[in-house]
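First up is the structure itself, then whatever we jot down about it.
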Amino acid sequence: MSRRGGDEIHKLKSDFVRDAVSQDVRSNKFGGRVQTRFPPEPNGYLHIGHAKSICLNFGIASEHNGVCSLRFDDTNPSNEESEFVESIMKDVRWLGFDWGPHLRYASDYFEELYQFALQLIRSEKAYVDSLSADDIRAYRGTLTETGKNSPYRDRTVVENIELFKGMRAGEFPEGSHVLRAKIDMCSGNINMRDPVMYRIVHARHYRTGDKWCIYPLYDFAHGQSDALEGVTHSVCTLEFENNRPLYDWFLDELSVAHPRQIEFARLNLSHTVLSKRKLGELVAGGHVSGWDDPRMPTLSGMRRRGYTPTSLRNFCETIGVAKRNTTVDMALLEHIVRKDLNSCAPRVMGVLRPLRVVLLNYPEEKVEHVEAINNPEDSSMGTRSVPFSRVLYLEKDDFNEDPPKKFYRLAPGREVRLRYAYFIRCENVVHNPETGEVEELHCTYDPSTLGGMAPDGRKVKATLHWVSAAHSVDAEIRLYERLFSVEEPSALTSEILASSLNPESLQVLRGCKLEPSLAQPSSDSTYQFERQGYFCVDSIESSENKLVFNRTVALRDTWARIESKRHAKRNN
RNA sequence: UGGGGGAUAGUUUAGUUGGUAGAACAGCGGAUUCUGGUUCCGCCAGCCCAGGUUCGAAUCCUGGUCCCCCAGCCA
């Protein structure tokens with residue numbers, strides 16, 4: 001059957017958000033225009049959950065030839081820092097998206113927002129309240145009881161304007177006054193019970209410095225920022241569903257055209273947490289080395305770990321967009337990372353836990369060079385030459401003196417193939433006289449098997465990776481496992497979160513032996529160490545004097561599965 | 001218990017005038033393989049519940065159940 005053009009047409013990405021946007025385009029709402037935005041608060045690093053939102057917002061815009069801007073919602077000077085805006089811009093670019101000239105900051109709108117507030121005061125839709133924070137809470141009521149009006153609710157316009165200007169002028173201490181919207185203290189939606197619009201904060205803002213001492217709350221800044229920018233579709237997460245009526249109220253009272261807000265469910269990933277607060281606590285508590293610790297689900301951590309932007313984008317596409325709360329299995333992310341890496345990662349050989357092997361019948365001084373394929377999935381990546389000699393390193397796990405059933409690697413008297421080289425046979429095992437540990441293997445090789453095939457057609461059951469000892473380069477390798485041993489750590493409170501960390505999430509291996517082509521590794525590619533997994537140079541701690549590799553993800557390991565099943569059976 | 005949302009295999013999803021519930025991941029089994037990788041094939045497994053309308057319901061109607069969000073001068 002031949003494939004015709006029509007069969008190749010990609011199914012257009014579709015989800016309920018995109019459907020809604022497309023409908024608006026078709027009905028010519030917003031003049032057929034599409035403009036979105038990604039609005040992070042610069043108070044932490046971006047994580048894979050943000051990637052979902054980034055892919056959605058930038059994706060929708062580009063599918064409609066529209067604009068997607070990057071806007072920092074920086075309305076709270078006490079949390080926000082330039083370090084975070086730098087990292088956020090870097091991460092969004094790395095993920096593969098470009099906001100072009102559309103870089104925005106809510107703090108750029110402080111003056112406009114202030115004027116909006118004045119406008120609401122003049123139309124008697126906002127007032128300065130002088131209740132304490134505790135009293136405001138008490139007056140607000142509860143989920144089941146209505147609230148009651150503040151005694152300051154009926155201040156005159158003149159009085160309100162004077163007080164609000166005084167707030168701006170720095171005449172009052174923090175907490176003495178706030179500006180509130182005058183809506184409905186009996187509303188079933190608690191967000192509508194005269195929400196606070198402005199608070200006094202005598203703190204330096206990382207962008208506006210000391211220019212302001214009153215700052216709008218997110219609720220009063222977000223919708224207007226969208227409106228000021230001409231955003232048509234304001235895509236956000238589910239928890240803002242309750243706030244939508246409030247945003248609409250502000251915009252309607254201000255007579256400003258407003259975007260359509262569409263809420264989707266945020267991402268949850270098994271075995272990790274995706275909450276900036278909790279991630280920040282892991283950093284602050286020293287449980288990880290930083291926001292970019294390769295175990296972190298942050299974009300900077302995943303970059304350092306060797307995950308590709310392509311695989312993260314593919315992941316976001318695969319998980320879809322919907323409204324129900326879900327937890328995606330980490331195994332899916334790992335599968336997608338492997339799939340991308342399998343197609344593009346150069347293959348090399350590296351021995352993680354070296355076992356010295358001497359080929360008794362191989363000449364002392366002889367060195368041969370065998371040709372190895374760089375990527376069997378992509379012949380255009382070519383081949384390389386790897387040195388072979390009398391003394392080699394093999395993987396400790398590839399030898400077993402007393403091999404269990406189904407173990408078909410090296411064992412006493414057994415023959416295996418060394419990848420791209422010769423068949424070798426284990427003749428003798430040298431033990432450490434004190435510990436009894438296997439210290440070295442004496443093997444013989446069959447010169448007629450160069451290239452990996454025997455002229456007599458005999459087969460071996462295993463092909464092992466190896467490194468020539470004299471030519472090897474030393475490296476430190478860091479193996480990573482899931483950050484948490486429990487499946488849903490997000491359900492845990494901050495207090496017990498750290499105690500649920502997986503103690504084996506980081507394992508450091510020293511004295512690993514790599515093939516010589518890795519002496520000068522590429523800093524931006526992730527390699528496949530054959531039969532082991534994918535590894536990349538650690539961007540922070542690796543140097544010319546000390547090579548450090550991070551394991552991105554292990555290869556699927558059927559043998560390990562057989563073994564763990566065996567152990568499970570034994571323990572039952 | 002006020003208001004706002006949501007329920008399709010173990011997990012994440014598709015299902016557009018009502019017409020045999022489709023996929024991916026995970027799990028299990030097999031074939032191929034100079035990576036116990038990749039690839040390929042097969043198996044397992046699902047419409048929250050109860051009624052109703054209909055020749056026919058995941059889809060429409062009624063009534064339940066369960067889960068999530070909101071009581072920051074956080075976002």
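Sequence lines set the chain letters: A, B, ... in the order given, protein chains first and strands last, and positions in each chain run from 1.
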Rounded P spacing from B:U17 to B:A50 in Å: 28 Å
Test log, rule ring-ring contact (aromatic ring centres under 6.0 Å, His included), inputs A:Y218 and A:F240: CA-CA 11 Å; A:Y218 175 85; A:F240 294 105; 5.4 Å; yes
Range-with-range stems for RNA chain B, at least three Watson-Crick or G-U pairs under 3.5 Å: B:2-7 with B:65-70, B:10-13 with B:22-25, B:27-31 with B:39-43, B:48-52 with B:60-64
Donor-acceptor pair under 3.5 Å, A:E377 side chain vs B:G37 base: yes
N/O (side chain, A:T326) to phosphate O (OP1/OP2, B:U13) under 4.0 Å: yes
Sugar-phosphate only, base, or nothing, as touched by A:I336 at under 4.0 Å among non-hydrogen atoms: nothing
Sugar-phosphate only, base, or nothing, as touched by A:T327 at under 4.0 Å among non-hydrogen atoms: sugar-phosphate
Whole-Å distance separating the OH atom of A:Y408 from the C1' atom of B:U35: 11 Å
Side-chain N,O (A:H335) to OP1/OP2 (B:C25) below 4.0 Å: yes
Pair A:F388-A:Y422, ring-ring contact (aromatic ring centres under 6.0 Å, His included): steps then yes or no: CA-CA 10 Å; A:F388 182 90; A:Y422 297 99; 5.3 Å; yes
Distance, P atom - from B:U20 to B:C40, rounded to whole angstrom: 28 Å
Crowding at CZ, A:R384 (>12 non-hydrogen neighbours, <6.0 Å): yes
Phosphate contact (B:G36 OP1 or OP2) by A:R556 side-chain N/O below 4.0 Å: no
Short side-chain N/O contact to B:U33 OP1/OP2 from A:T463, under 4.0 Å: no
Spacing between A:L332 atom CG and B:G27 atom P, to the nearest angstrom: 12 Å
Touch class at under 4.0 angstrom, heavy-atom based, for A:E241 against every strand present: sugar-phosphate
A:R207 NZ/CZ over A:Y105 ring centroid, <6.0 Å and within 45° of normal: yes
Value in whole Å for how far the P atom of B:C67 lies from CG of A:N325: 13 Å
Whole-Å gap separating P (B:U16) and CZ (A:F16): 17 Å
Whole-angstrom distance between B:A45 and B:A23, as gauged at atom P: 15 Å
A:E174 atom CD: more than 12 heavy-atom contacts under 6.0 Å: yes
Separation of atom CG in A:N314 from atom C1' in B:U12, rounded to whole Å: 15 Å
For B:G72, glycosidic torsion class - syn if within 90° of 0, otherwise anti: syn
Enumerate the protein-to-nucleotides 70-75 of chain B contacts in which both atoms are nitrogen or oxygen and the separation is below 3.5 Å.
residue: B:C70; atom: O4'; partner: A:N242; partner atom: ND2; Å: 3.2
residue: B:A71; atom: O2'; partner: A:R140; partner atom: NE; Å: 3.4
residue: B:G72; atom: OP2; partner: A:R137; partner atom: NE; Å: 3.2
residue: B:G72; atom: OP2; partner: A:R140; partner atom: NH2; Å: 3.2
residue: B:C73; atom: OP1; partner: A:R140; partner atom: NH2; Å: 3.3
residue: B:C73; atom: OP2; partner: A:R140; partner atom: NH1; Å: 3.0
residue: B:C73; atom: N4; partner: A:L131; partner atom: O; Å: 3.3
residue: B:C73; atom: N4; partner: A:A133; partner atom: N; Å: 3.2
residue: B:C73; atom: N4; partner: A:G175; partner atom: O; Å: 3.2
residue: B:C74; atom: OP2; partner: A:R199; partner atom: NE; Å: 3.0
residue: B:C74; atom: OP2; partner: A:R199; partner atom: NH2; Å: 2.9
residue: B:C74; atom: O3'; partner: A:N76; partner atom: ND2; Å: 3.3
residue: B:C74; atom: O3'; partner: A:R199; partner atom: NH2; Å: 3.2
residue: B:C74; atom: O2'; partner: A:N76; partner atom: ND2; Å: 3.3
residue: B:C74; atom: O2'; partner: A:N79; partner atom: ND2; Å: 3.4
residue: B:A75; atom: OP1; partner: A:T75; partner atom: OG1; Å: 2.7
residue: B:A75; atom: OP1; partner: A:R199; partner atom: NH2; Å: 2.9
residue: B:A75; atom: OP2; partner: A:Y218; partner atom: N; Å: 2.9

Pairing of A:R153 and A:D194 as salt bridge, 4.0 angstrom limit: yes
Sugar-phosphate only, base, or nothing, as touched by A:F407 at under 4.0 Å among non-hydrogen atoms: base
Touch class at under 4.0 angstrom, heavy-atom based, for A:K339 against every strand present: nothing
Within the 6.0 Å centroid threshold, strictly below: A:F423 and A:Y445: no
B:A57 and B:G15, which share atom name C1', separated by this distance in whole Å: 13 Å
C1' gap between B:G46 and B:A26, integer Å: 15 Å
Nearest to side-chain heavy atoms of A:A331, which nucleotide of B:G37, B:A26, B:G36: B:A26
Integer angstrom distance from the P of B:A24 to that of B:U65: 38 Å
A:L246 CG to B:G4 P, straight-line distance once rounded to whole Å: 16 Å
A:F110 and A:Y215 aromatic centres sub-6.0 Å: yes
Sugar-phosphate, base or nothing in reach of A:P376, heavy atoms under 4.0 Å: base
Gap between atoms CG and P, on A:L352 and B:U35 respectively (whole Å): 19 Å
Presence of A:R561 side-chain N/O under 4.0 Å of B:C28 phosphate oxygens OP1/OP2: yes
Check ion pair A:R551-A:E481 (N to O, under 4.0 angstrom): yes
Contact under 4.0 Å: A:K565 side-chain N or O vs B:C28 OP1/OP2: yes
Nearest-angstrom distance from the residue atom NZ of A:K52 to C1' of B:U13: 11 Å
Spacing of the P atoms in B:U53 and B:G27 (rounded, Å): 46 Å
Side chain proximity check, A:I214 to A:Y114, heavy atoms < 4.5 angstrom: yes
Nearest-angstrom distance, P atom, B:U35 to B:A21: 42 Å
A:F220 and A:F250 aromatic centres sub-6.0 Å: yes
Given RNA chain B, 5'-ward residue of the pair A:V328 and A:N375, judged by closest heavy atom: A:V328
salt_bridge(A:R244, A:E263) N-O dist < 4.0 Å: yes
